[in-house]
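Quantities reported herein were computed from a predicted structural model and do not represent experimental measurements. Per chain, numbering begins at 1; letters A, B, ... match sequence-line order.
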Protein chains: 2
Amino acid sequence: MESRRQEILDAALAIADEKGLEAVSMRAVAERAGVTAMALYPHVASKADLLDSMVGRLLTELVPHAEPGQDWRQRLRSLARAGRKLAHQHPWGATLLFSRPSVTPDAAGVVDLFYTLLLDAGVPPAQVPRLERLVSTLILGFAASEVGGRFGPGDLDPRERRGMLRGQPLPGHKALVRWLEAPVNWDAEFEADVDDLVRLIEAAAGR
Amino acid sequence: MESRRQEILDAALAIADEKGLEAVSMRAVAERAGVTAMALYPHVASKADLLDSMVGRLLTELVPHAEPGQDWRQRLRSLARAGRKLAHQHPWGATLLFSRPSVTPDAAGVVDLFYTLLLDAGVPPAQVPRLERLVSTLILGFAASEVGGRFGPGDLDPRERRGMLRGQPLPGHKALVRWLEAPVNWDAEFEADVDDLVRLIEAAAGR
DNA sequence: ACCTGAACACCGTTCAAGT
DNA sequence: ACCTGAACACCGTTCAAGT
């Protein structure tokens, strides 16, 4: 019934994965779908509508990753890992998610997995919506920082790394030189962050 | 010496604040600076370079907000609040920060405030860089979610809010209807999140 | 109902030309 | 050194016209 719209969406997703979000133009999508740009408009209201549908697709891919039989800790971990992995596979998605409401039919399925997980952990219901936002914001923020380049190498020169910036001292950097030299293991850092989230949830549950 | 570049930057910032990031075109910036678009290029290498300088300006505005005399908890709170306030004043900045390395001369000053704060809290040096990223990612992610619309109203219909989506049940939503009806106090939620960060830092320090 | 071609009002950037 | 005007290769979207 809506197969034409699906084909357009597939074309847009393929372009975004292959060449990045900025390559997703109505003209490029249309060409890939074998049609002119203006032929898209009966099926998608606007480019914004198309982008919304793209993030929707991404979110539905996440739903199968919290098998109900498991411990809440295991479900949190597998959801977090799946979210991060998805961001690595579709870097355009992480950035886009910040500019779209999370209270959307496509997102509700994922949000519900977090809700049930937090309830199972024993978090008081009144605290669950806030903690869901805290947890999902940190996971999304971490993934967005990785794929967006915020956690990237940067361009500090050796002097700056050692704690001197434009004549001003950087005492924190200076004290940490030894620990700032080693390359970061991002997999391990993500797991440590999820461990901290687990402890934070346990603390919220135990009161 | 570089006053021409500063004028261009001022024009770009004014346009972004008034009409949003998408209104910042080389032509619009040039017109505001009283010059043609091509006259910008001797002063800014590209549009990307211009955007980088814009986030740089934002970050330097943050530095004065952690007075060294105070308790680390107070400094964390005032830095967090200042960061969130800045995102509200310049919504374009939050989104942009995810796509720029945080290890940049302009950012180093802010990062250093977090480093010293965490060291003062007694966090083991080996843990400081990770916790700095965790803390700044949550603060930035929260602010980006607010100004980007991720925390916005969304478009769930009443049936969906009560726990039924496309024939599938949403058990978490169903259990939480009572707590999902009330409007969210975002100021209070942000403070609660910062409280959780404080506890997390205390836990990292005490071991 | 669905698609096309031309057009409108834009983009970032290059390049030859001016002062 | 700094600026201009024209041009190139693009954008999203509207609109009249075709089938």
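The neighbour count for A:Gln74 CD, taken as heavy atoms of other residues, nucleotides or ligands under 6.0 Å away, is above 12. When the shell of 6.0 Å around CD of B:Glu31 is examined, it contains 12 or fewer heavy atoms from other residues, nucleotides or ligands.
Stem analysis of DNA chain C (Watson-Crick or G-U pairs, both distances under 3.5 Å, runs of at least three) returns C:4-8 with D:12-16, C:12-16 with D:4-8.
By the side chain to side chain contact (heavy atoms under 4.5 Å, CB included) test, B:Ala175 is found to be paired with A:Leu119, residues two or more places apart in sequence or in another chain being considered. Scored by the salt bridge (Lys or Arg N to Asp or Glu O under 4.0 Å) test, A:Arg84 finds A:Glu146, A:Asp187 as partners (sequence neighbours excluded).
Look at the C1' atom in both D:dA7 and C:dC11: the space between them is 14 Å, to the nearest Å.
Atom CZ of A:Arg4 is separated from atom C1' of C:dA1 by 13 Å (rounded to the nearest Å). A:Arg5 has its CZ atom 13 Å from the P atom of C:dC2, to the nearest Å. Atom C1' of nucleotide D:dC3 and atom CD1 of B:Ile8 are separated by 12 Å, given to the nearest angstrom.
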Using a 3.5 Å cut-off and no angle test, enumerate the donor-acceptor pairs between side-chain atoms of residues 8-20 of chain B and protein atoms at least two apart in sequence or in another chain.
| unit_1 | atom_1 | unit_2 | atom_2 | d |
| --- | --- | --- | --- | --- |
| B:Asp10 | OD1 | B:Arg57 | NH1 | 3.1 |
| B:Asp10 | OD1 | B:Arg57 | NH2 | 2.9 |
| B:Asp17 | OD1 | B:His90 | ND1 | 2.7 |
| B:Asp17 | OD1 | B:Trp92 | NE1 | 2.7 |
| B:Asp17 | OD2 | B:His90 | ND1 | 3.1 |
| B:Glu18 | OE1 | B:Arg32 | NH1 | 3.1 |
| B:Glu18 | OE2 | B:Arg32 | NH2 | 3.0 |

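Pairs of residues two or more places apart, or lying in two chains, that qualify as side-chain hydrogen bond (donor to acceptor under 3.5 Å, both in side chains) and include a residue from residues 95-109 of chain A are A:Asp52-A:Arg100, A:Thr104-B:Asp155, A:Asp106-B:Arg166.
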Worksheet item: Which letter, B, S or -, goes with each nucleotide of nucleotides 9-19 of chain D from 5' to 3', with contact meaning a protein heavy atom under 4.0 Å?
Response: --BBBB-----

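Distance alone, capped at 3.5 Å, places no donor-acceptor pair between the B:Arg27 side chain and the B:Ala37 backbone.
Under the 30°/60° scheme for interplanar angles, the aromatic rings of A:Trp186 and A:Phe142 are found to stand perpendicular.
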